[in-house]
Participant: 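Quick one: the structure is below, and I'll ask about it shortly.
Residue numbers start from 1 in every chain, and the chains themselves are labelled A, B, ... in the order their sequence lines are given, proteins ahead of strands. Side chains are part of it too, since the values below use all heavy atoms of this structure and drop only hydrogens, waters and symmetry mates.
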Amino acid sequence: MVEIKLTNTRTRTREPFVPLDPQDVRMYLCGPTVYDRAHLGNARPVVVFDVLYRLLRHEYGAENVTYVRNFTDVDDKINAAALARQQAGDPRSLEELIRDRTAETIGWYHADMDALGALRPSIRGVVSDAAEPRATDYIPQMIAMIAELIAKGHAYAAEGHVLFDVRSFPAYGRLSGRSVDDMIAGARVEVAPFKRDPMDFVLWKPSSAAEPGWDSPWGRGRPGWHIECSAMSAALLGDSFDIHAGGIDLQFPHHENEIAQSCCAHPQAEFAKVWLHNEMLQVEGKKMSKSLGNFFTVRDLLDQGIPGEVIRYVFLMTHYRKPMDWTAEKVREAKGHLARWHAVVGMLADGGTADAEMIELLCDDLNTPAALARLHKLSNELTANQTISERQQADFIASARLLGLLQTDTSAWDDPIARAPELTAAVERLLKVWATLRKQKDFVRADALKSDVETFGVRFRATPSGTAADFLRPADASSWGQDNIAGLKAIETRYNA
RNA sequence: GGCGGGUUGGCGGAGAGGUUACGCAGCGGAUUGCAAAUCCGUGAAGACCGGUUCGAUUCCGGUACCCGCCUCCA
């Protein structure tokens, strides 16, 4: 077995990965707050840590790896979304609206992450809802943990709130390399009068009648943001587990606070052994933000006809600990590479053996760009040979699948707009005309037809087996559709006449 | 103000103290009615200033610029 090395944020070094229990390797990834569609940035950790999950399953066996990813379904943004619906005239109760909203969002999330080829989390290889816990299903565990923190002198109740006492945990700030005093000095923290220290954070807060709430020893209320991950990871993975992952923006305060809660509640345990953080995503060199107008969701891209596999490839082009830039140029490149690989291996056969050299690259802190380069080399070797054996194809596929690529054939790439029956039919009829003209060696008219259809977004090409059409869609997909069909039909009548 | 990341050829993007990354684009060729696709071949680099070294793009120090976090955020 190849040794896996991972850069542990906690120690700031690349260290060999030694599981606590090789029979049950346990990993936790901070999942989404389910108030809206996942944006592209949400997808990066899912994809890069999906590669780690696949690698761990490959090395330790699928039934020996547990991967938990939570859904945060209690949050003020969710409340706001539900309230907005109620104010828009929805007759249902706020609680029903919240449940409805979170269930719907979880459905979207699954559909979108599935499209990116990410495996569902599992407990020892068994996929179930249990591996994707919802915060609201763990309220009793959170209350118990908070009570324990109070009993151990690490938390205190004040005015219906319960706060964590950061001064009671000397290691507070170690993960993110901050000291409590420094943070207060440069602070933009909101200081509630009942806090003992400005950096103290909320474990439990009171709910108004218009907010979701649960009964607790401190009154009706709801948990603070960080306690859910501490409670759920302990419940599902134990007080000590192997890997805790998430975006670098979660390092502080979220992960710092998780450590404080978990380590103080379970002082005999070490909580997460290895902390992994992916760097952030940018779009065309700039931070993705609504104000810059470059904000989009995974679904937006899929609807534009960018296959999930292509999105995944673009993510893997950049090492997870470096900022990743999403650009149209990368999409074009990724699509080209994948189309080529799909053509090289043809049918997607199972049963191959993944390339040892590629595995080594992945084991070196998930070096996915180098792994892709290795795949390019392998693919070049395959195409250099006149004949490619089924065995070679299967091996190549097995390698690609360790990265979550080549899992489905390119029929999944079909552009939703190009599938419109009217359009497909018109294109097919015109292709026949083109084929006939070429057969008759009437190249003048054939070329004219080709150039005509191109003005309406369809490119004809000859292939060894016949003819084919590609759909050239502009970046703004909304302008593509009826006009193109009308244009193609006009051409058709002209060439039939 | 505090903490952290980055700067590699036209572009994307890795590793390695001395030896080809890889891909895209470009260029030359094969193939093709023309294209497309495919195949073969090919030039090109490491922000700046110092230091260590026989030798640094790779290690150390400094400078500049870019980016992120410290508030909800992956």
Side-chain angles (χ1 to χ4, degrees), chain A residues 9 12 29-33 35-36 38-49 69 72 75-77 80 173 175-190 199 225 245-256 277-282 285-290 313-314 316-325 327 329-337 339-340 343-344 361 364-365 367-380 383-386 437-439 441-444 446-447 450-451 454 459-465 467-470:
Chain A
T9 314
R12 279 151 214 268
L29 177 66
C30 286
T33 301
Y35 66 100
D36 206 350
H39 67 246
L40 193 62
N42 290 313
R44 169 121 106 137
V46 174
V47 170
V48 302
F49 297 119
R69 183 179 63 207
T72 297
D75 178 272
D76 288 346
K77 284 193 288 285
L175 177 74
S176 52
R178 300 151 199 253
S179 79
V180 174
D181 292 320
D182 286 348
M183 284 188 279
I184 293 167
R188 280 185 274 167
V189 269
E190 174 195 345
M199 294 310 294
W225 174 33
I248 187 72
D249 55 332
L250 291 183
Q251 188 187 34
F252 188 90
H254 184 56
H255 290 160
E256 197 71 70
H277 291 104
N278 62 278
E279 254 292 347
M280 308 297 279
L281 172 128
Q282 299 186 316
K286 296 202 167 93
K287 178 182 169 144
M288 182 167 82
S289 75
K290 285 177 181 165
Y313 189 108
V314 172
L316 299 181
M317 284 170 80
T318 305
H319 185 89
Y320 78 96
R321 282 191 302 103
K322 287 201 172 175
M324 193 212 103
D325 197 13
T327 64
E329 173 64 15
K330 281 183 179 170
V331 172
R332 194 194 59 77
E333 268 191 46
K335 194 165 185 177
H337 293 145
R340 188 162 170 272
V344 168
L361 292 165
D364 186 13
D365 200 27
N367 194 341
T368 55
L372 289 174
R374 173 65 186 161
L375 283 182
H376 280 294
K377 209 163 187 186
L378 291 171
S379 132
N380 289 341
T383 51
N385 297 331
Q386 289 301 312
L437 290 172
R438 291 184 70 237
K439 206 179 275 177
K441 306 237 185 263
D442 187 351
F443 296 121
V444 176
D447 290 354
K450 186 167 70 164
S451 128
E454 208 157 301
R459 178 179 290 155
F460 285 173
R461 62 188 157 84
T463 69
S465 53
T467 55
D470 296 319

Participant: Output the single nucleotide from C39(B), G5(B), C69(B) whose closest atom is nearest the side chain of D249(A).
Facilitator: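 Among C39(B), G5(B), C69(B), the one nearest the side chain of D249(A) is C69(B).
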Participant: For P369(A) and K287(A), take the nucleotide of RNA chain B holding the closest heavy atom to each; which residue's nucleotide lies nearer the 5' end?
Facilitator: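 That would be P369(A).
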Participant: Whole-Å distance between G68(B) C1' and L250(A) CG?
Facilitator: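 After rounding, the gap between these two atoms is 13 Å.
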Participant: When rounded to the nearest Å, what value does the distance between C1' atoms of C72(B) and G10(B) take?
Facilitator: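 So the two C1' atoms sit 40 Å from each other.
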Participant: Look at the side chain of R69(A) and the backbone N and O of P32(A), then say whether any donor-acceptor pair between them is shorter than 3.5 Å.
Facilitator: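 Judged by distance alone, no pair lies under 3.5 Å.
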Participant: Can you give me the dot-bracket string for RNA chain B, 5' to 3', counting Watson-Crick and G-U wobble pairs with both distances under 3.5 Å, using [ ] for crossing pairs and | for partners on another strand?
Facilitator: (((((((..(((.....[...))).(((((.......)))))....(((((..]....))))))))))))....
Participant: Output the rounded distance in Å from CZ (R340(A)) to P (A25(B)).
Facilitator: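 Going from R340(A) (CZ) to A25(B) (P), I get 11 Å.
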Participant: On RNA chain B, nearest-nucleotide positions of E329(A) versus T318(A): which is more 5'?
Facilitator: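 Comparing both residues, the 5'-ward one is T318(A).
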Participant: Under 4.0 Å: is that the gap between some side-chain N or O of S176(A) and OP1 or OP2 of C3(B)?
Facilitator: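 No, outside the criterion.
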Participant: How close do R438(A) and F443(A) get, counting heavy atoms only, and between which atoms?
Facilitator: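 Heavy atoms of R438(A) and F443(A) come nearest at O-CE2, 3.9 Å.
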Participant: With a 4.5 Å cut-off on side-chain heavy atoms, are V47(A) and Y320(A) touching?
Facilitator: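 Not touching, per the 4.5 Å side-chain cut-off.
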Participant: Just checking L372(A): base, sugar-phosphate only, or nothing, at a heavy-atom cut-off of under 4.0 Å?
Facilitator: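 If one applies the 4.0 Å heavy-atom cut-off, L372(A) turns out to touch nothing in the nucleic acid.
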Participant: Identify the two heavy atoms, one from V46(A) and one from L29(A), that lie closest to each other, and give their separation to 0.1 Å.
Facilitator: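 Taking V46(A) first and L29(A) second, the nearest heavy atoms are CA-CD2, 4.3 Å.
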Participant: Under 4.0 angstrom, heavy atoms only, what part of the nucleic acid is R69(A) near: base, sugar-phosphate, or nothing?
Facilitator: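 Nothing: the residue R69(A), judged by heavy atoms under 4.0 Å, touches no strand.
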Participant: For C59(B) and C22(B), measure between their C1' atoms and round to the nearest Å.
Facilitator: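 Comparing C1' positions in C59(B) and C22(B) gives a spacing of 26 Å.
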Participant: Base, sugar-phosphate, or nothing for H39(A), non-hydrogen atoms under 4.0 angstrom?
Facilitator: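 The residue H39(A) makes base contact.
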Participant: Indicate syn or anti for G46(B), taking the glycosidic torsion and treating anything within 90° of 0 as syn.
Facilitator: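 G46(B): syn glycosidic orientation.
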Participant: Can you tell me how far C1' of C22(B) sits from CG of N367(A), to the nearest Å?
Facilitator: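 Spelled out: CG on N367(A) to C1' on C22(B) is 11 Å.
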Participant: Look at all strands and tell whether R178(A) reaches a base, only sugar-phosphate, or nothing, counting heavy atoms closer than 4.0 Å.
Facilitator: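 Here R178(A) touches the bases of the nucleic acid.
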Participant: Quick check for you: among C24(B), A74(B), G5(B), whose closest atom lies nearest to any side-chain atom of M280(A)?
Facilitator: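 Closest nucleotide among those given: A74(B).
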Participant: Between Q251(A) and H277(A), is there a donor-acceptor pair closer than 3.5 Å when you use the side chain of the first and the backbone of the second?
Facilitator: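 Such a contact is absent between Q251(A) side chain and H277(A) backbone.
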Participant: Counting any heavy atom closer than 4.0 Å, what does G177(A) reach on the DNA or RNA strands: base, sugar-phosphate only, or nothing?
Facilitator: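 Touches sugar-phosphate only.
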Participant: Work out which heavy atom in P45(A) is nearest to a heavy atom in N278(A); give both atom names and the distance.
Facilitator: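 Minimum heavy-atom contact is CB-OD1, 3.3 Å.
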Participant: C69(B) P sits how many Å from H254(A) NE2, rounded?
Facilitator: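 In whole Å, C69(B) P lies 16 Å from H254(A) NE2.
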Participant: Tell me: CG of N278(A) to P of G4(B), nearest whole Å?
Facilitator: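 N278(A) atom CG is separated from G4(B) atom P by 19 Å.
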Participant: On a whole-Å scale, what distance lies between the C1' atoms belonging to A45(B) and U20(B)?
Facilitator: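 My reading of the C1' atoms in A45(B) and U20(B) gives 14 Å.
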Participant: Considering only the C1' atoms, how many Å lie between U57(B) and G41(B), rounded to the nearest integer?
Facilitator: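 Approximately 27 Å lies between the C1' atom of U57(B) and that of G41(B).
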Participant: Just the rounded figure in Å: distance from P of C24(B) to NZ of K330(A).
Facilitator: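 Distance check: K330(A) NZ to C24(B) P gives 16 Å.
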Participant: Please verify the inter-ring angle class for H376(A) with Y313(A); under 30° counts as parallel, over 60° as perpendicular, anything in between as tilted.
Facilitator: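 Geometry flag for Y313(A) against H376(A): perpendicular rings.
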Participant: If we take the P atom in both G62(B) and C54(B), what is their distance in whole Å?
Facilitator: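 The same atom, P, in both gives a distance of 24 Å.
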Participant: Within the structure, does a side-chain N or O atom of N380(A) lie under 4.0 Å from either OP1 or OP2 of G23(B)?
Facilitator: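 Yes, N380(A) has a side-chain N/O under 4.0 Å of OP1/OP2 on G23(B).
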Participant: Do you know which two heavy atoms are closest between R340(A) and S379(A), and how far apart they sit?
Facilitator: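 Of all heavy-atom pairs spanning R340(A) and S379(A), the closest is NH1-OG, 3.1 Å.
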Participant: Determine the Euclidean distance between corresponding P atoms of A47(B) and C11(B); express it in Å to zero decimal places.
Facilitator: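 About 13 Å, rounded to a whole number of Å.
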Participant: Between C22(B), A14(B), C70(B), which nucleotide has the shortest distance from any of its atoms to the side chain of F252(A)?
Facilitator: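 Among the listed nucleotides, the one closest to the side chain of F252(A) is C70(B).
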Participant: Please find the pair of heavy atoms, one from G247(A) and one from H255(A), that lie closest to each other, and give the distance.
Facilitator: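 The answer is O-CE1, 4.5 Å.
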Participant: On a heavy-atom basis, which atom in M280(A) and which in R44(A) lie closest, and how many Å separate them?
Facilitator: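 Heavy atoms of M280(A) and R44(A) come nearest at O-NH2, 3.2 Å.
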Participant: Passes side chain to side chain contact (heavy atoms under 4.5 Å, CB included), T318(A) versus D325(A)? Steps please.
Facilitator: CA-CA 8 Å; T318(A) 305; D325(A) 197 13; over 6 Å; no
Participant: Which whole number of Å gives the distance between the C1' atom of A25(B) and that of G43(B)?
Facilitator: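 Per the computed distance, 13 Å lies between those C1' atoms.
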Participant: Please state the P separation for the pair U38(B) and G6(B) - nearest whole angstrom.
Facilitator: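 Here U38(B) and G6(B) have their P atoms 35 Å from each other.
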Participant: OP1, OP2 of U7(B) versus side-chain N and O of K322(A): anything below 4.0 Å?
Facilitator: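 Yes, K322(A) has a side-chain N/O under 4.0 Å of OP1/OP2 on U7(B).
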Participant: Protein within reach of the bases, or only the backbone? For nucleotides 26-37 of chain B, mark each nucleotide 5' to 3' as B, S or -, using heavy atoms under 4.0 Å.
Facilitator: -------BBBB-
Participant: For R459(A), I'd like to know if atom CZ has over 12 heavy atoms of other residues, nucleotides or ligands within 6.0 Å.
Facilitator: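 Atom CZ in R459(A) is not crowded, with 12 or fewer foreign heavy atoms closer than 6.0 Å.
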Participant: Write down the distance between CG (D325(A)) and P (G6(B)), rounded to a whole number of angstrom.
Facilitator: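 Those two atoms, CG and P, are 16 Å apart.
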Participant: Check the distance between C3(B)'s P and E279(A)'s CD and give it to me in whole angstrom.
Facilitator: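 Value for this atom pair: 17 Å.
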